[in-house]
Every structure is written in C-alpha cells, then in structure tokens.
Amino acid sequence: MNLFRYFRDEVVAAVLRITPGLDTSKVTAEPPREESHGDVATNAAMVLSKAAGMKPRDLAEALAVELRKHPAVTAVEVAGPGFINMRLAGDFWYDRLQDVLKEGARYGDSDTGKSHRVNIEYVSANPTGPMHIGHARGAVVGDALASLLAKVGYDVSREYYVNDAGAQVDVLARSAHLRYREALGETIGEIPEGLYPGEYLKPLGADLAKRFGAAHKDAPETQWLALFRDEAVAAMLAMIKDDLAGLGVCHNVFVSERGLVEAGKVEAALDFLDGKGLIYEGVLEPPKGMLPDDWEARPQTLFKATQFGDDVDRPLKKSDGTWTYFASDIAYHLDKFRRGFDAMIDVWGADHGGYVKRMQAAVSAVSEGKAALDVKLAQMVNLLKGGQPYKMSKRAGTFVTLRDLVEAVGKDVVRFIMLTRKNDAHLDFDLDKALEQSRDNPVFYVQYAHARCHSVMRHAIDLWPDAPIGDPSGNPAVLKRLTDPAEIALIRLLAGWPRLVESAAEAHEPHRVAFYLNDVAAAFHGLWNKGKDEVRLRFLLEDDYELSLARLALLKGVTAVIASGLGIFGVEPVEEMR
RNA sequence: GCGCCCUUAGCUCAGUCGGAUAGAGCAGCCGCCUUCUAAGCGGCAGGUCACUGGUUCGAAUCCAGUAGGGCGCGCCA
C-alpha cells in the first residue's frame, strides 16, 4: 500500500464532499520535509482555493474538519500558506509493519503499470568483441530499470538490438579470416590497420580452421565473407551473452539488424513514411562552424525529422545504396510499435546523445504520435584505484574487460555501484573502495545492515528456539511495544518504500532505490548503535520476551525491504558478511 | 557556429509533481570508546543552490539569457 496515494484519495474525497465538481488533479499528499509537521501533508487548499472561491486557509480549515473524522488520523493542523498536516495513529504504523511482514520481498510491488507493455532496449553493443567497462553501466541501468518497471506491474520486454549489418561486421569477418589463416599455420605478422587486433578472435580462428580445413584459405573474399561474418557474429554474440550472464544481465529478445533488412522491414518502414510524405531527395546545409574536411554538397534520401522537433532532416541511405544505421533503427522501432509497445525506453552511451532527437522524431512519425520513446544516456565511468585514475593496460596486466571487472569485485558490487548515481552523471568507480568494509562503501553498508538483522535473528533462535521470529501475526499486539521514536521512525521509513518504488519507476530513475536503501541501512545501524549505550534499546532482552519479539518483527521488516530493493538491482542480499 | 547534458557545503553527491527553515556521507573541529549484538559512536560547524531576469501565493526545481565543464554535429554504429 502506498499510504500517500491512499491519503491523497482520502483528501480528494473530502474536497468533493465540501465543493463537488472541482478539478483535483493537482492535489498531492506527501511526506512533509520537517518531521514536526506530521506524517502526511497536502497542498489541496492552496491549489484549489481559486476554483473553490475560498481563501486557502479557510478551505484548509474546512478540509481539516473532514479529515479529522478519519480513524487513522489523530491530529490535523493548518500551517503556513495553507498546508494541511496530518498525524497518524500508532496503530496505523503497526499495521504498515504487518504489511511489510506479510509481503516480504514482494513489498513495494504495485499495479500502477497496470499491465501496460513497455519495451526496454539496452546494451546493444556491436558484436565485434568482448564487453568492456563502458558497456557495464548501460547494462546495469537498463536491467535494473526493467526490474523496477516490472515491480510496478508493467509487462516488460528486455531487448538487445544486434548491429550485425554494418561495415564493422565485414571488418570482423576479415579479422576472423586472418586468425583462421593463422590457425592453419600461416605467419600473419602485424594485424593490418583497420582490422580488429584482439586476441579474442584466435579461438574463433582455430574453430573455423578445424571445421572448414583449408577450404577458404586462399579463396577470394566473395566466397567466404558472408559465411565468416555469420560465424564471427554468432561467436561474438555468444561471448557477449556470457559476459552479460556474469553480470547477471539477461535479455529476453534479441533482434538482428540484418534480419530486419533481409525481411524487407527497412523498406517497409520507409515506404510507410514515404506514403506520409516524410521522405525526400535533398541536399543538407553544411553544419556551421566545425566543417568536416571532405564536406561536399550531395543529394541524399532524407527523413523529415524537422517536422517532429529535430534540428535537421536525417539521411537514410549511404552512397553505396545500403541503409544507414538510422534507417534500420527506424524499422526496429516500428517493429516494436507493431508488436504492441507504445512505451519504449532505449539506454545508450552518452556519446550517442546527439542521436536522441532523431530517434524520438522517428518513433513519433512511425507511431503517428501514439508511442513515446524515452532515452536514458549512461554517462562515463571513471575507474579509480585508491582515489587515483586507474590506467587500463593490457601489458601491465591491468584489466580492460567487463569480465575482468566482475572477477575483481564481484557482480553484486559492480551492479550496486553502477546505480549509485543518476544515469546522466559521471560516476567514479573506485576499485579499492568497492571492496572496503566501511561506511564509505554503499554496497557494504546496505549488505551489512541486512546481515546484522540476520545475526540478531540467529541469536534469538539460540535464546528462544520456538519463538515466532518476524511473525507477530499470532499476537499482533506485541508490536505496540515498539515505542521508541527511533523505532517508529524506522517503521515510517519502511512504510515509504511503496511510494519510493512508484516514483522511481515513473521517473525511470532506478538510482533512487540505492539512496533509499542507504537511508534504511543508516536508520537501522543508528538504532543498533543506540543499543550500545542504552541497554534497554537492544533488540534482544532476555527478561522481556514480548518486546524482543516486537523488535525482531521490526528487523524482519528491515530485511524484507532491503531484499525487495536489492531484488530490483539484481543483487543478492547476504545473511552473513564473512 | 548549432544541439543535448551538467553546475547544490572544502570534496563526492541526494533533493519526489513547484511547497514550509535546502539534506547526507567524507574531510575539518570537539568529545566518547577496558566494546561487543559484528568492522567504532555522538556532537558542532560548514550554503549568493554558477550568474541575471521572468512566471507563480510559493522556484534549487519551470521559462529566457549569460558564464564554465562534458558529449555530439551529412554516406560509424
């Protein structure tokens, strides 16, 4: 239950009892910044005063009378320019803790997505080599965002667009052919400029040599190019999937660019746009200022992106007659729309920022305004070690690939840290800090809170082997023993989780979950530390079984919410630190 | 030159749909710690929300402009 959504509805109902027929869409109910202002605040009187023909304070007083009738509301006051502050009964909070315990790690699930379908495309790295660290952030952001949207009820498709149709896969095929010749015993020397030099192609070369023998060794390129291309792409894609699996990322749909081209879907998409008069042959103005050296005016096939908010019209065809990447991407996004997705999210590297407007223009055009595309740009990750920039060098034996990073610190650490900043802000990833067991390390801090709760629960089993730990349903009244302000504050924080999930999902911002989990951990550790000084605040009191049960319920609630949050991140909550 | 993103405490960053006196961690300063439930704890101080103007009952948040930083800018993806 999102209690703020619930009270917003209560406020709206009260408004309509006083002045029927008002537009209440701007009414909000939210936690007041200041704790002394109560538990729930609403702006209703301020946003409705004009329409109601009343002064904000007068409307607020009238609403206050209505709201005081609610059984969970113990006090209502009008403050400031017309805020209405409500304070909630203790029993209300105990009921929320019961909600947490009942739902466990599913707490925070909601149906605000109402089975709407959303398509999220992420990673989509070129299938020409292993994943490197730059890919990791987009992978994690996309994956966590997908889980977040699923948690609020969306029907989510996690997709990877395989760029297997451009010139770079021909380069890959030639590189593979070279390694194939090498595997057949030829001395190949330096890898020529323009081919992929990576060692990772050697196993593929050996495999091709084993399967095809010398059949393609001295043959003309036309004989083997397509074959080697398909073989190499398949091998690279398998490697990428393996790298992603190591990071815990799993897509459920892979769409091949070549597949779209060969099925005629690019032509079909462009015919569709042509039919709407959105394609023409024309000559673009040269870009002002930074003029490319070889710029010359030439006629091109253009999409009228400017009709949909882009700055210039965009080319669809290269001079050799093949489609540009943009053209096939239009076909892919039309395909998404035709498959029933009117909500699309693409996660790209920040260096593709200049591409956002044209893709949104294209989605708008192919869906005739019925679909929306949100693009999340994953900013650069600065790898640090001990606060100093970490130079990646193969010779020095320092790693360069995603796989190496995951091996160095573990997938859970990579995933969590990648989500500790908003996606469009630069992120410092410090290899030392990532493994440090200190307050500075957010992964440790949150995991430690979860583990500490389990430690206490294990301890409790020693004391009372038959105690219903974390399950006060047999005697809900024990929760009333939770009276310390820090305990109540922690319950309030846990009860705010559904609202946090909903707002993070709506904003497409999974990083908010990381900050929230940090808050929960801080509140829990604070409570723990209070017990160091004040013995009566310790979670387990041998002489007070009932109070201990109540506190165990609270700890169980903490573990449930942390597990719920880490579940969105794809991070395993640990029960022991080791 | 144009477009997009960014600018909040000494540092790294939060800040929800525009809401009340802008928050946290680190660093700094001052205390506490023969401790246990598990990696220390508590407190203090720290601000022209880059700047200017506008919209609003109300702006860190929205709009316009200025400065600084990043990314991108027709047949790469």
Side-chain angles (χ1 to χ4, degrees), chain A residues 4 25-28 30-34 37 41 43 46-47 49-50 56 79-83 85 124-126 128 161 163 165-169 257 283-292 294-298 300-302 310-326 328-329 348-357 375 377 379-380 420-422 424-426 428 436-440 442 444-445 448 451-453 455-456 458-460 499-500 502-504 506-507 509 511-512 514-516 518-519 522 525-526 528-533 538-540 576-577:
Chain A
F4 297 97
S25 58
K26 292 181 81 173
V27 172
T28 63
E30 51 193 12
R33 201 200 309 262
E34 196 76 24
H37 290 150
N43 64 355
M46 290 179 291
V47 297
S49 67
K50 208 173 279 179
F83 285 102
N85 296 324
S124 296
N126 288 343
T128 54
Y161 184 48
N163 304 134
Q168 83 282 354
V169 287
E257 180 185 8
V283 179
L284 288 177
E285 293 285 311
K288 305 260 192 303
M290 293 282 293
L291 199 62
D294 59 345
W295 198 91
E296 58 182 73
R298 71 171 77 86
Q300 297 178 101
T301 304
L302 298 167
D310 199 359
D311 309 309
V312 289
D313 293 337
R314 303 292 179 176
L316 299 166
K317 215 181 244 186
K318 302 182 208 166
S319 56
D320 68 0
T322 61
W323 303 117
T324 60
Y325 177 76
F326 179 49
S328 59
D329 219 359
W348 300 342
D351 54 343
H352 289 59
Y355 202 79
V356 174
K357 277 190 185 179
V375 179
L377 298 177
Q379 255 299 354
M380 231 166 55
T420 53
R421 292 283 177 269
K422 355 179 215 261
D424 54 1
H426 286 262
D428 288 338
E436 201 173 281
Q437 302 205 331
S438 77
R439 179 72 179 86
D440 283 1
F444 167 76
Y445 195 63
Y448 184 31
R452 253 184 172 174
C453 289
S455 168
V456 177
R458 285 191 296 269
H459 200 73
R499 176 177 191 266
L500 189 285
E502 284 179 19
S503 60
E506 189 184 345
E509 290 187 351
H511 75 277
R512 293 187 195 182
F515 285 90
Y516 172 81
N518 198 68
D519 287 347
H525 288 306
W528 173 291
N529 289 323
K530 275 182 88 174
K532 281 186 151 174
D533 294 336
R538 294 190 176 189
F539 299 119
L540 303 183
E576 251 179 309
M577 288 314 290

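What's counted below: heavy atoms across the whole structure, side chains too, no hydrogens, waters or symmetry copies.
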Partners passing salt bridge (charged side-chain N to carboxylate O under 4.0 Å, His left out) against A:Arg512 (at least two apart in sequence or in another chain):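 Salt bridge (charged side-chain N to carboxylate O under 4.0 Å, His left out) check on A:Arg512 returns A:Glu509.
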Partner residues of A:Tyr448 under the ring-ring contact (aromatic ring centres under 6.0 Å, His included) criterion, sequence neighbours left out: A:Phe444, A:His525
For A:Phe326, ring-ring contact (aromatic ring centres under 6.0 Å, His included) partners two or more places apart: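 Residues passing ring-ring contact (aromatic ring centres under 6.0 Å, His included) with A:Phe326: A:Tyr355.
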Please name all residues satisfying side chain to side chain donor-acceptor pair (under 3.5 Å) with [X], sequence neighbours left out, ordered by chain then number.
| X | answer |
| --- | --- |
| A:Ser124 | A:Glu121 |
| A:Lys530 | A:Asp484 |
| A:Ser438 | A:Glu436 |
| A:Glu30 | none |

Under 4.0 Å protein heavy-atom contact, by nucleotide of nucleotides 3-8 of chain B - B base, S sugar-phosphate only: SSSS--
Might you list the N or O atoms of the protein lying below 3.5 Å from N or O atoms in nucleotides 24-30 of chain B, with each pair's distance?
none

Pairs meeting criterion salt bridge (charged side-chain N to carboxylate O under 4.0 Å, His left out) with involvement of residues 314-323 of chain A, two or more places apart: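 Found A:Asp310-A:Arg314.
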Identify all pairs in which a protein N or O lies below 3.5 Å from an N or O of nucleotides 75-77 of chain B, and state each distance.
| from | atom 1 | to | atom 2 | distance (Å) |
| --- | --- | --- | --- | --- |
| B:C75 | O2 | A:Ser319 | N | 2.4 |
| B:C75 | O2 | A:Ser319 | OG | 2.1 |
| B:C75 | N3 | A:Ser319 | OG | 2.9 |
| B:C75 | N4 | A:Arg298 | NH2 | 3.1 |
| B:A77 | OP1 | A:Lys318 | NZ | 2.8 |
| B:A77 | O3' | A:Asn163 | OD1 | 3.4 |
| B:A77 | O3' | A:Asn163 | ND2 | 3.3 |
| B:A77 | O2' | A:Asn126 | OD1 | 2.6 |
| B:A77 | O2' | A:Asn126 | ND2 | 3.4 |
| B:A77 | O2' | A:Asn163 | OD1 | 3.2 |
| B:A77 | N3 | A:His352 | NE2 | 2.9 |

Sugar-phosphate, base or nothing in reach of A:Arg452, heavy atoms under 4.0 Å: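 Counting heavy atoms under 4.0 Å across all strands, the contact made by A:Arg452 is with sugar-phosphate only.
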Pair pattern of RNA chain B in dot-bracket, where unpaired bases get dots and | marks partners in another strand, Watson-Crick or G-U under 3.5 angstrom: (((((((..((((.....[...)))).(((((.......))))).....(((((..]....))))))))))))....
